[in-house]
Amino acid sequence: MSDIKRSEASAVRAGDESGAEKDWAAAKAVYDSLKTKKPRPPKPSTAVTIAVSSRTLFNMVEERRVWEQEGLERYVCYQQEHEEEPLKPGAAFPFVKALMTVNSRLRTLYPDSEELFDIVLMTNNHAQVGVRLINSINHYDLLIERFCMTGGKSPTGYLKAYLTNLYLSKDSDKVQEAIESGIAAATMFTPDVETELSETQLRVAFDGDAVLFSDESEIIVKQHGLDTFFAHERQNENKPLAQGPLKCFLEALGKLQKKFYAKNERLNCPIRTYLVTARSAASSGARVLKTLRSWGLEIDEALFLAGAPKGPLLQKIRPHIFFDDQMFHIEGAKELGTIAAHVPYGIGQKYHKGKLIEQPAKQS
């Protein structure tokens, strides 16, 4: 691109941004003039936007059964017939409530701040189903004002337009689409047993390789074994790992944490983050910690399990969400009551419990 075209493109972008700022200022002025005690949704460009599907926010097992067994038209009628009945909470419900708790604390410390969580309902439901979703959200007093209902089509194409920082769904195909387009995403699973979670602190637990970091080191483990992996990590201890699909979400959490630290609220911060990794600390832990340091990111607690099961530790942490790339860790976590979210990324998708999954032959 020539320098002239570059400058013209920059001018267009600057003009678009200036126009967007004016539109937002006008919308804010109108909202602020209204008499309401309900907090105004934050400015999308500065918010940490969490997009959740209707089936993660609410338990829609029965509704899903109707759709699968009786078809779309009956499903829509069923939702309309029951629209005065609130849907029951789903896997993402406690996470969303915890996000709202953080927002409440932020608004107390920074009344005019636009750096808040913004929750968007992102669903392929038809608009006719929207009334029941709205009624359910209002029943639980959830602050979710932005909806995207795509009438049967995948909503993932709208994620970038909504400036999404994290997308949570029950549909693994949609999650895969989101990750491939560069958006942090995970497939949520409902725990087998119910666990009491903190109502005052958002707790988020991350696996390391293929979640916060790329799968580069995991590839070595799978293809060459642990001894080669340990030697590789020692040799590359001072070389930061490449970022994984959830790194940007940890970064967003860190920015909000720092707003509490700036008000001397570090010990009373309503956000706490955990690294729960199968890595061994002495053999391969230094590179992980140095990578986080090189990114300017903090993790509140780092748990190196050296291959031990993650479920019992997560049972102690009681996170509102735990991200991992390997299904056997997800299964072990949810069996003990942890709300787990699978990140379908990296070489781990080809393995289960350390064994290579037979891949279907490609069509010639």
Side-chain angles (χ1 to χ4, degrees), residues 48 50 52 56 89-102 105 117 165-166 168 184 186-213 244-258 260-261 265-281 284-285 288-289 291-292 297-343 348:
V48 177
I50 312 297
V52 295
T56 60
F93 190 92
F95 177 62
V96 167
K97 292 286 284 184
L99 298 178
M100 291 174 57
T101 297
V102 175
R105 288 280 305 278
F117 289 113
N165 295 90
L166 175 67
L168 299 173
T187 309
M188 291 206 74
F189 290 85
T190 303
D192 296 348
V193 293
E194 195 169 329
T195 300
E196 187 175 340
L197 304 175
S198 174
E199 295 182 358
T200 58
Q201 185 179 64
L202 168 66
R203 297 177 185 173
V204 183
F206 299 89
D207 178 30
D209 295 294
V211 176
L212 290 180
F213 316 115
L246 268 293
K247 181 256 187 178
C248 290
F249 181 54
L250 175 63
E251 191 171 35
L253 292 176
K255 286 180 180 178
L256 294 184
Q257 283 181 308
K258 287 177 181 177
F260 290 99
Y261 302 165
E265 291 280 329
R266 179 181 285 268
L267 297 180
N268 194 31
C269 182
I271 303 173
R272 193 160 185 84
T273 56
Y274 304 79
L275 173 66
V276 184
T277 174
R279 281 180 178 244
S280 304
S284 58
V288 163
L289 298 178
T291 296
L292 291 171
L297 298 182
E298 295 183 28
I299 202 90
D300 293 306
E301 298 189 27
L303 306 175
F304 294 88
L305 304 187
K310 296 182 179 183
L313 268 295
L314 291 165
Q315 195 176 29
K316 175 67 176 176
I317 295 169
R318 297 188 179 187
H320 292 89
I321 192 166
F322 162 60
F323 298 100
D324 202 291
D325 68 302
Q326 300 193 53
M327 275 306 302
F328 76 92
H329 286 312
I330 297 293
E331 291 160 1
K334 72 187 192 71
E335 283 174 7
L336 295 179
T338 294
I339 300 169
H342 179 236
V343 181

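Computed from a predicted model, the values in this text were never measured in an experiment. The chain is numbered in sequence order, starting from 1.
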Can you tell me how far the [atom1] atom of [X] sits from the [atom2] atom of [Y], to the nearest 0.5 Å?
{"X": "Phe95", "Y": "Ile50", "atom1": "CZ", "atom2": "CD1", "value": "5.0 Å"}
{"X": "Asp209", "Y": "Asp324", "atom1": "CG", "atom2": "CG", "value": "10.0 Å"}
{"X": "Gln201", "Y": "Arg272", "atom1": "CD", "atom2": "CZ", "value": "6.0 Å"}

(message) Val204 vs Leu250, test: side chain to side chain contact (heavy atoms under 4.5 Å, CB included). Steps then yes/no.
(response) CA-CA 9 Å; Val204 183; Leu250 175 63; over 6 Å; no

Could you list the donor-acceptor pairs under 3.5 angstrom formed by side chains in residues 313-322, with sequence neighbours left out?
residue	atom	partner	partner atom	Å
Arg318	NH1	Glu196	O	3.3
His320	ND1	Arg203	N	3.1
His320	NE2	Ser198	O	2.9

Could you tell me if the side chain of [Y] sits less than 4.5 Å from the side chain of [X], heavy atoms only?
{"X": "Thr338", "Y": "Pro191", "value": "no"}
{"X": "Phe213", "Y": "Thr277", "value": "no"}
{"X": "Phe117", "Y": "Leu202", "value": "yes"}
{"X": "Leu336", "Y": "Thr195", "value": "no"}

Which heavy atom of [X] sits nearest a heavy atom of [Y], and at what distance?
{"X": "Gln257", "Y": "Asp300", "result": "NE2-OD2, 2.9 Å"}
{"X": "Arg279", "Y": "Ser284", "result": "NH1-O, 2.8 Å"}
{"X": "Phe304", "Y": "Gly285", "result": "CE2-CA, 3.5 Å"}
{"X": "Pro94", "Y": "Leu197", "result": "CB-CD1, 3.7 Å"}
{"X": "Asp325", "Y": "Ala210", "result": "OD2-CB, 3.4 Å"}
{"X": "Ile299", "Y": "Thr273", "result": "CA-OG1, 3.7 Å"}

(request) For side-chain hydrogen bond (donor to acceptor under 3.5 Å, both in side chains), just list the numbers for Gln326 and Asp207, CA-CA rounded to whole Å, side-chain angles, deciding distance to a tenth of an Å, and then say yes or no. (result) CA-CA 9 Å; Gln326 300 193 53; Asp207 178 30; 5.5 Å; no

(request) For Leu212 and Thr291, run side chain to side chain contact (heavy atoms under 4.5 Å, CB included): C-alpha distance rounded to whole Å, both residues' side-chain angles, the deciding distance at 0.1 Å, then the answer. (result) CA-CA 10 Å; Leu212 290 180; Thr291 296; over 6 Å; no

(request) Show your reasoning for whether side chain to side chain contact (heavy atoms under 4.5 Å, CB included) applies to Glu199 and Thr101. (result) CA-CA 8 Å; Glu199 295 182 358; Thr101 297; 6.0 Å; no

(message) Parallel, tilted or perpendicular: which one describes the rings of Phe249 and Phe323, with boundaries at 30° and 60°?
(response)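 Phe249 and Phe323: perpendicular rings.
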
(message) Donor-acceptor pair, distance only, cut-off 3.5 Å: does the side chain of Lys334 make one with the backbone of Phe189?
(response)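 No, the answer is negative, given that no donor and acceptor are paired below the 3.5 Å cut-off.
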
(message) My understanding is that only one of Leu99, Asn165, Val102 makes a side-chain contact (heavy atoms from CB on, under 4.5 Å) with Val48; could you say which?
(response)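 The passing option is Asn165.
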
(request) Sequence neighbours left out, what passes salt bridge (Lys or Arg N to Asp or Glu O under 4.0 Å) with Lys97? Give chain and number order. (result)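 With neighbours one apart ignored, the set is empty.
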
